[in-house]
Amino acid sequence: MQYNKVLDNLKIYEAGKPIELVVREYGVDEKDIIKLASNENPRGCSPLVQDAVCKDVGHMNLYPDDSSYELKEALAKRFGVNSKNVIIGAGSDQIISFGVHAKANEKNSVLMAKTTFAMYEIYARQTGTTILKTPSNQHNLSEFLEIYKSREDIAIIFLCLPNNPLGECLDRDEVYKFLDEIDKDTLVIVDGAYQEYAKYIDKNKEINPKEIIQKYPNVLYLGTFSKAYGLGGMRCGYGIAKEEMIEALLKLRAPFNITTLSLKAAIVALRDEDFVQNCIKENFEQMELFEKFAKELGFDFIKSYTNFITLEFKDSKNSTQISEKLLKKGIIVRNLGAYGMNAIRVTIGTPKQNVRFMQEFRDIYLDGMEV
Ligand SMILES: *Cc1c(COP(=O)(O)O)cnc(C)c1O
């Protein structure tokens with residue numbers, strides 16, 4: 001069968017390995033497996049959410065509220081915008097796809113950092129657009145600007161703040177200065193999947209969705225319930241933008257794209273901010289232990305504003321081998337070899353999981369090394 005030409009340049013997204021796969025392929029006992037590969041909240045979600053979802057289980061025969069009225073209202077209130085400025089997606093991933101399909105085509109191009117969220121490129125390639133990347137792995141706005149000014153065809157710019165999979169985050173002020181230089185017909189997708197973490201430790205990183213869309217009508221701000229809120233399995237994310245942009249994106253949305261239970265979970269999750277803030281506090285306490293650990297063993301890490309940390313190795317160590325050895329012990333991390341880096345990304349787990357990771361990692365890392 002002949003398929004659309006654009007599919008020739010597309011790879012299937014490889015997600016973090018699920019626990020079931022490690023049980024099947026590596027024969028590790030399920031209770032010995034810890035998954036530190038997909039930046040999920042290791043403490044789960046608020047208990048209030050679990051109760052509310054269980055109570056709603058009886059309504060599965062009915063289609064969900066297609067307008068997502070209650071969740072949009074709750075998000076609008078949280079961010080001080082109008083509910084017409086909000087769109088809900090099956091994960092913010094789906095809204096990335098809407099944004100890309102609304103603007104990108106075979107005649108224009110899309111600009112992103114060299115090492116950033118893989119789905120930007122995958123969705124962009126579906127449209128036949130040209131992908132442009134900055135030379136540096138981490139976000140460097142002068143590089144973005146230089147490329148932007150050198151061509152006329154850039155339709156979309158992606159900024160991941162903080163950036164997955166590296167963890168770095170630009171300051172708000174430099175982002176604003178950059179946006180001042182960008183034409184209002186260029187869509188800028190500001191991905192705030194880890195904003196809850198970034199703003200907790202550094203107010204200079206905080207992006208206020210209301211402020212950014214008021215100043216820059218070409219910005220689409222994205223947030224998700226999958227990370228800090230602990231609802232990755234529920235697939236719920238949101239976009240905030242000018243009403244005119246939301247209306248364009250809504251044309252790409254299939255009806256009933258969010259399940260009844262996901263809507264309920266997200267609405268209730270927003271009511272338990274204490275839970276989220278406690279998780280974030282613990283996350284950064286644990287992050288310090290990872291930083292100490294890296295210094296002690298003598299490898300590099302990237303300062304992280306998220307719930308994961310990227311560990312970089314010198315040539316004598318290989319991230320693919322390290323990840324594979326960890327997997328045999330039942331510890332799932334993300335190898336960044338596919339990004340051309342000798343590094344792994346590790347989600348910050350519970351204190352207990354982190355102790356276990358560090359023990360196993362130390363053994364693997366020091367194995368064969370002269371000490
Ligand atoms: C996890 C993540 C998302 C989206 O996750 P969803 O589960 O689809 O909401 C978006 N952007 C980045 C950078 C992420 O890490």
Side-chain angles (χ1 to χ4, degrees), residues 13-16 18 35-42 44-45 49 68 71 75 86-100 110 112-124 133 137-139 156-170 175 188-199 205 207 209 219-240 249 252-254 257-259 261-263 265-266 269-270 276 279-280 283 302 304-310 333-334 336 338-339 345-348:
Y13 180 78
E14 202 187 315
K35 187 176 179 220
L36 303 176
S38 299
N39 308 335
E40 292 135 330
N41 184 337
C45 66
V49 172
S68 302
L71 179 56
L75 285 165
V86 183
I87 181 170
I88 311 296
S92 59
D93 236 289
Q94 196 174 46
I95 305 167
I96 297 170
S97 150
F98 296 160
V100 167
V110 169
M112 64 190 76
K114 181 173 168 197
T115 301
T116 191
F117 192 47
M119 291 313 297
Y120 304 156
E121 180 169 353
I122 294 178
Y123 289 127
K133 292 184 183 178
N137 284 316
Q138 298 185 28
H139 284 61
I156 304 176
I157 299 172
F158 278 102
L159 298 179
C160 194
L161 309 173
N163 185 27
N164 177 15
L166 300 182
E168 94 278 6
C169 191
L170 297 169
V175 173
V188 182
I189 300 184
V190 172
D191 188 342
Y194 302 92
Q195 266 289 318
E196 292 87 357
Y197 296 95
K199 71 181 184 197
K205 311 291 182 192
I207 302 285
V219 165
L220 169 59
Y221 176 90
L222 303 179
T224 180
F225 289 94
S226 300
K227 308 287 159 56
Y229 287 90
L231 292 173
M234 294 307 265
R235 314 304 307 121
C236 195
Y238 54 91
I240 297 177
L249 301 180
L252 294 158
R253 188 187 70 99
N257 61 328
I258 319 295
T259 73
L261 298 183
S262 309
L263 286 171
L270 282 174
V276 174
C279 292
I280 296 175
N283 174 73
I302 299 171
S304 172
Y305 294 86
T306 67
N307 65 343
F308 59 83
I309 187 163
T310 294
V333 299
R334 194 81 160 150
L336 301 186
Y339 291 87
R345 187 193 69 192
V346 187
T347 304
I348 309 300

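All ligand and atom numbering here is 1-based and tracks the order in the structure. Keep in mind the model is a prediction, meaning the values are calculated, not measured.
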Quick check: do L263 and S68 have side-chain heavy atoms less than 4.5 Å from each other? yes

Output for pair (L170 CG, Q138 CD), nearest 0.5 Å, gives 9.5 Å

Under 3.5 Å side-chain donor-acceptor pair for R345 and N164: yes

Tell me which one of Y197, Y194, F308 satisfies side-chain contact (heavy atoms from CB on, under 4.5 Å) with P162. Y194

Quick check for students: name every N or O atom pair between ligand 1 and the protein closer than 3.5 Å, with distances.
residue	atom	partner	partner atom	Å
ligand 1	7 (O)	S226	OG	2.5
ligand 1	7 (O)	R235	NH1	2.6
ligand 1	7 (O)	R235	NH2	3.3
ligand 1	8 (O)	S92	N	3.3
ligand 1	8 (O)	D93	N	3.1
ligand 1	8 (O)	D93	OD2	3.3
ligand 1	8 (O)	R235	NH2	2.8
ligand 1	9 (O)	S92	N	2.7
ligand 1	9 (O)	S92	OG	3.3
ligand 1	9 (O)	T224	OG1	2.5
ligand 1	9 (O)	S226	OG	3.4
ligand 1	11 (N)	D191	OD1	3.4
ligand 1	11 (N)	D191	OD2	2.6
ligand 1	15 (O)	N164	ND2	2.7
ligand 1	15 (O)	Y194	OH	2.7
ligand 1	15 (O)	K227	NZ	2.9

Between atom CG of N41 and atom CG of L231, what is the distance when rounded to the nearest 0.5 Å? 9.0 Å

In this structure, which one of L159, I96, L161 forms a side-chain contact (heavy atoms from CB on, under 4.5 Å) with D191? I96

